[in-house]
Amino acid sequence: MTMIKSFKHSTTTDPVELRRANESMLDILQALATRKIPSATYTMNDLERYLLSLIKGQEKTPECTTFGSWSAAPKSDGMPADARVEFIYIPTYIATSTLSIALLEHPITTLLIPGYLIALINGLVFCTGRELRGHGCDVDIGAIDAINILSLGKIPLLLDQNPNYCPRLKKILHQATRDMAEKLNTGDYFSDLESDYAIKLKSTLESFRLGGLSLSN
């Protein structure tokens, strides 16, 4: 599998291509999380170039409603809510998580990259925009997906060590995971503890713990 070495906004609005762009970003995050990179085929220099491309590709216009985000789509104006979740929020969760885990794993290298912390903090703030919820009927599934991505990037640990980076996201993460734990305990939204939804909840809570925090923090 060839992994991307730079972040680029897509030139198309084709949902298939935009999902492929999300997946390419997720590949890098997963490789970082499993310490498959840096490697002989994806060097530290490659990783630095990718991280720098994320910083350059972040929305930096303060007046813009997507300030601090990374959009897979060429334009976000007029995008319906479900598309905003999939093609603005999801890539932003991935990009922010990538910056987070790279900082935790390679602090000396990342902190030498100009604008690194500012980009990370602005990304964290944008992640709070929907309080991690999905759209419509997928509100809860969207939250599960968001928390899984943020946990992969060790954002719970990052915020535990640096709560001033984004106090609101830290609070949202804890509230969301406490709500999930409560649903598991009471059986809300499902009657079978082995249902797909229950299994996803269990997996997400475990990912959150592995991401660096307990539910009691």
Considering only residues two or more places apart or on different chains, which pairs with a residue in residues 8-30 satisfy ring-ring contact (aromatic ring centres under 6.0 Å, His included)?
F7-H9

For E86, which residues count as a salt bridge (charged side-chain N to carboxylate O under 4.0 Å, His left out) partner, sequence neighbours excluded?
R19

Those residues at least two apart in sequence (or on a different chain) that pass side chain to side chain contact (heavy atoms under 4.5 Å, CB included) with K5 are Y42, D46

ILVMFWY cluster, W70 and F67 together (side-chain gap under 4.5 Å):
no

Going by salt bridge (charged side-chain N to carboxylate O under 4.0 Å, His left out), name the residues that satisfy it together with E105, two or more places apart in sequence or in a different chain.
R35, K154

Which donor-acceptor pairs under 3.5 Å do the side chains of residues 109-124 make with protein atoms, sequence neighbours left out?
unit_1, atom_1, unit_2, atom_2, d
T110, OG1, H106, O, 2.9
T110, OG1, P107, O, 3.3
Y116, OH, L99, O, 2.7
N122, ND2, I118, O, 3.4

Could you work out, with side chain to side chain contact (heavy atoms under 4.5 Å, CB included) as the rule, every residue matching T12, not counting sequence neighbours?
S10, D14, E17

Suppose we screen for ring-ring contact (aromatic ring centres under 6.0 Å, His included). Which residues come up paired with F87, at least two apart in sequence or across chains?
none

Using atom types as modelled and distance alone, determine if a side-chain donor or acceptor of S24 lies under 3.5 Å from a backbone N or O of I4.
no

By side chain to side chain contact (heavy atoms under 4.5 Å, CB included) - contacts of D179 (at least two apart):
Q175

Applying side chain to side chain donor-acceptor pair (under 3.5 Å) to T11 and not counting sequence neighbours gives none

For K36, enumerate each residue passing the salt bridge (charged side-chain N to carboxylate O under 4.0 Å, His left out) test, keeping only those at least two apart in sequence or located in another chain.
none

Partner set under side chain to side chain donor-acceptor pair (under 3.5 Å) for S39, not counting sequence neighbours
T41

Considering residues at least two apart in sequence or located in another chain, which fulfil the side chain to side chain contact (heavy atoms under 4.5 Å, CB included) criterion with F126?
T66, S69, I88, Y89, T92

Starting at CD1 of I149, measure out to CD of Q30 and round the result to the nearest 0.5 Å.
9.0 Å

